[in-house]
Amino acid sequence: MATIYIENKPYEVSAGKNLLEVCLALGFDLPYFCWHPAMGSVGACRQCAVKIFKDESDTRGKLFMSCMESVRDGLRLSISDAEAKEFRAHVIGWLMTNHPHDCAVCDEGGSCHLQDMTVMTGHNYRQYRFDKRTYRNQYLGPFLNHEMNRCIQCFRCVRFYKDYAGGKDLDVFAAHNHLYFGRSEDGVLESEFSGNLAEVCPTGVFTDKTLKQHYTRKWDLTMAPSVCHHCSLGCNITAGERYGSLRNITNRYNGEVNGYFLCDRGRFGYEFVNSANRIHKPLLRNQLPEATDKQTALQATAAAIKQGRVIGIGSPRASLESNFALKTLVGEANFYDGVSDAEHDLICLALRILREGPARSTSLREVEQADAVFILGEDLTNSAPMLALAVRQSVRQQPIAEEVPKAKFPVWQDAAVRELLQNERGPLFSATLDHTKLDEIATQTYFASPDDIARLGFAVAHLIHPDAAEAEGLLQEMQTLAQQIADALIAAKKPLVISGTSSGSEAVLNAAANIAAALVVREKAAGIVLTLPECNSLGLTMLGGHRLESAFDAIGNGHADTAIILENDLFRRAPQATVTRFLATCKQVIVLDHLHNPTTEKANILLPAGTFSEADGTLINNEGRAQRFYQVYPTPDDIQESWRWLMELGNVLSHNQIAKWRAFDDVLRAITTAQPELTGIEEITPHADFRIAGQRIPREPHRYSGRTAMRANLNVSEPKPPEDPDSAMSYTMEGYRGEPPASMIPFFWAPGWNSIQSTNKYQQEIGGHLHGGDPGVRLIEPAAKAAEAFFASAPEEFQPLAGHLLLLPVHHTFGSEELSMHAPGIHERAPSPYVMLNANDALAMKLAVGEPLEFNVGGQAYRLPVRISPDFPSGTAGLPVGLPGVPYAELPAWAILNSDLQWKQQAQVTY
């Protein structure tokens, strides 16, 4: 620790830290532009000047840039010194010489960091009287607007896009006062993290294009804390609403999960909420008109349940509460988890590894701190983008630890560190089906089938500890690679193994578990990360449910005749013929969902469920962290949370357990009573009766305007605002104006800090945890014994089969996830249907790029255009998961080629 003096007042702080960080953490308002807490200092803008004195007798002092100064014991400084204040005012005056006078029409107006800093420095009038520099803006794709005339040359955009996120197609051009930040030519930004530019940029150069299409000033948004539903990582988001429609998603800081950033799928996939495909009214398909009111729908549904033998099918994209309510309504014996049998097995295995294995499931923040990483079978950029971003930070850890102390400058001096390290990176090994975007930073890559990836993993585990199963018959090249990986993991202080379910292989998961266990046995602080298919895959599995195939059998064999399907399109879970037969056999099909899909079209009764922005609920991410999302705005009576529909059904039916439920907290208590392993979820957030000074937490900022005007066509009187029985939040601007608990922060704001940079006012230290701790509760901790975690045997080497191709799953950031594909921008970025072939296989079949490949899987015929990869495993083919136009297949699976291609492939194999 060190004692520093600010305005002659002593403060105890951590030595060696960045002085700007420390001042902000202590609550001082000190303006800055180029510095960012996740990216460190480069000293480009000169806006954070302070006066530093030699000692207490020094009255003159010198100006220093606080972002470039380390904290040291006895440091004396002044923020309010007249010379420092004048210097900062001059700097912002220079930065504003070319800035347009367009705050009134700028999308950032009212939430702009530049506005905040301008006011903070007292820069009220512009002295510049000459022509301003002007630029032509670029088309950058469906997510971002570009307005270069607002640029103040802080360099944050390229530092994030290139240095932090690894993007290649955004750069800085020209020099001096004519810098241009953009692409070399118009075109879609390629990075999956481009949307962060809208928050990283301190001005309005990069703004959210999806917000512009239904623009609302950010102070007029009703907001609530939420959790991203588009992958298994559980990134924290803030959702904003106006006039009953969701307007935008911004990052909600969580120091253990996503930190300051989001991927583009999480940021822009929200538009499915406003889709024309939404279900707005209950539908009874046995009457005309089909649309009906809530009470009629409840009575009809209750009657159908009374008359039938009912099963319930859950969903990995529905909340824990909704799945539990369905399980309670139909009974444990009649609840099925709503995922394919292969996915069921994979997630159960992942849960077993996390529960029984000795390695800790690491958070994204801990991934960033790993100093050696081995990825098995996962294209992280496409299956879990924010995990890929964390891995990009992890490869810097080892060279930073080794080289920066020798250079004797602090780690936060980002420009100096990057200049020192150049292309030096720590060990990252990637074993995947095909090339990934992380290959460019990998030490070694290995492209193979899932079985061969697993064999490499088993070999690494055996080399780390001889008790782990050995893979027999390895080629010398693979044995050498395994030794290199094992040595790197053993030498690391924080080794990390990453795998998941994306390859569809239990053997790959087993191999990853063996490596992690072997490292722990050797007393290494090893971590493991397992990605899962959907936002609540782990929560659904922890809740427990029977296999989906058993549900089909129950209906097919006459053991049941009525199915309640919860937020689940079964045509994405099983072959089309199987699902069609199942739904046709049911006497009654009752579906709760929020978007029309092939399954809802077959429903006899369709109940409109609220989306994540219209619901309260709990998700459990891949780490085992339970997190709550809040309803952003009240919905019409006909749309409500799935758990509320089921709760009201239970009350109509006088169900023994459900009849006791009245609100969200009742469902939470029932879950923890019925399933003690989920104890803790009731403590994620304060209960609905929580108040601060007798007040609720407002969802609307105190600048919110126009509530009466919004209803002026109906009544100019102020209506009574709706009440929220399920949380301690209000739907108004009235309420507690101070800082709420971390899990209930609806938006970040502080006096003088209207932009997202106000996050620093909510943190224990800059870039650290939020006051009171980060949101969420971990439900899974590693087992104590390591040796028992070893899996028995490695698979055999993959062998191609003549006349067949082994179909393997291929995932896409844009396209594979169901809900986000209803967002126009995401849909635009999604690829067209295709099948991936190895270059040699395509040559043997005499197929060129774009030509159709015909094959059959389980009776389902496919005819898809070919894409070719030189490194995709020979004898296999890649089938995109979830893309519209690509029928479901349970992968991996053997595809039978048509007769002509069989002959060609047979000839290639023979000769």
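This structure is a prediction, so every number in the text was calculated from the model and none was measured. Along the sequence shown, residues carry numbers from 1.
Using a distance-only test at 3.5 Å, with no hydrogens or angles considered, no donor-acceptor pair links the side chain of Arg88 to the main chain of Met120. Remark: side-chain polar atoms of Ser66 are paired, donor with acceptor, to backbone N or O of Cys48 under 3.5 angstrom. In this structure a side-chain-to-backbone donor-acceptor pair under 3.5 Å is missing from Asp414 to Val42. Formation of a donor-acceptor pair under 3.5 Å by the Asn754 side chain with backbone atoms of Gly752 is not found in this model. The backbone N or O of Gly109 lies less than 3.5 Å from a partner atom in the side chain of Arg217, making a donor-acceptor pair. Using modelled atom types, no side-chain atom of Arg252 and backbone atom of Cys235 make a donor-acceptor pair closer than 3.5 Å. With hydrogens and angles ignored, the 3.5 Å screen pairs no side-chain donor or acceptor of Asn98 with any backbone N or O of Lys132. Checking side-chain atoms of Lys209 against main-chain N and O of Gly141 turns up a donor-acceptor pair under 3.5 Å.
Not a single ring pair (Phe, Tyr, Trp, His ring centres under 6.0 Å) links His123 to another residue, sequence neighbours left out. Under the side chain to side chain contact (heavy atoms under 4.5 Å, CB included) criterion, Thr222 pairs with Glu241, Arg699, Glu700, Tyr704, not counting sequence neighbours. A search for side chain to side chain contact (heavy atoms under 4.5 Å, CB included) contacts involving Asp107 returns Asn145, Thr207, Lys212, Tyr215, not counting sequence neighbours.
Ring orientation note: the planes of Phe181 and Phe155 are nearly perpendicular, at an angle over 60° on the 30°/60° scale. A perpendicular orientation is assigned to the rings of Phe33 and His113, their planes being inclined by more than 60° (bins at 30° and 60°). Using cut-offs of 30° and 60° for the angle between ring planes, the Phe173 and Tyr180 rings count as tilted.
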Show every donor-acceptor pair shorter than 3.5 Å between a side-chain atom in residues 68-76 and any protein atom, with sequence neighbours excluded, or say none if there are none.
{"unit_1": "Asp73", "atom_1": "OD1", "unit_2": "Thr3", "atom_2": "N", "d": "2.8"}
{"unit_1": "Arg76", "atom_1": "NH2", "unit_2": "Asn8", "atom_2": "OD1", "d": "3.4"}

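No hydrogens or angles considered: a donor-acceptor pair under 3.5 Å links the side chains of Trp753 and Asp29. Between Ser705 and Asp220, the side chains place a donor N or O and an acceptor N or O closer than 3.5 Å (distance only, hydrogens not considered). Side-chain polar atoms of His769 and Asp774 form a donor-acceptor pair below 3.5 angstrom. With hydrogens and angles left out, the side-chain atoms of His771 and Glu739 include a donor and acceptor closer than 3.5 Å. A donor-acceptor contact under 3.5 angstrom links the side chains of Asn382 and Thr813, judged on distance only.
Phe193 has its ring centre no less than 6.0 Å from the ring centre of Phe160. Annotation: Trp219 is not in aromatic contact with His702 [ring centroid separation under 6.0 Å not met].
Evaluated for a salt bridge (charged side-chain N to carboxylate O under 4.0 Å, His left out) with Glu192, the options Arg829, Lys437, Arg392 yield exactly one hit, Lys437. Only one option out of Tyr139, Phe206, Tyr135 pairs with His146 in a ring pair (Phe, Tyr, Trp, His ring centres under 6.0 Å); it is Phe206.
Between Asp102 and Arg150, at least one side-chain N (NZ, or NE/NH1/NH2) sits under 4.0 Å from a carboxylate O, which counts as a salt bridge. Using a cut-off of 4.0 Å between Lys/Arg side-chain N and Asp/Glu carboxylate O, Lys494 and Asp371 are scored as not salt-bridged. Ion pair Arg396/Asp163 not flagged as a salt bridge, since none of the NZ, NE, NH1 or NH2 atoms sits closer than 4.0 Å to an Asp/Glu carboxylate oxygen.
When all heavy atoms are compared, the tightest approach of Gly269 to Ile826 is CA-CG1, 4.0 Å. Contact between Leu20 and Tyr32 at its shortest, heavy atoms only, is CD2-CB, 3.8 Å. For the residue pair Pro740 and Pro746, the shortest heavy atom distance occurs at CG-CD, 4.1 Å.
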Step by step, would you call Lys168 with Glu190 a salt bridge (charged side-chain N to carboxylate O under 4.0 Å, His left out)? CA-CA 8 Å; Lys168 299 291 186 296; Glu190 297 170 1; over 6 Å; no
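Pairs passing the ring-ring contact (aromatic ring centres under 6.0 Å, His included) check and including a residue from residues 383-410, sequence neighbours excluded, do not occur. Screening residues 75-108 for ring-ring contact (aromatic ring centres under 6.0 Å, His included), with sequence neighbours left out, gives no hits.
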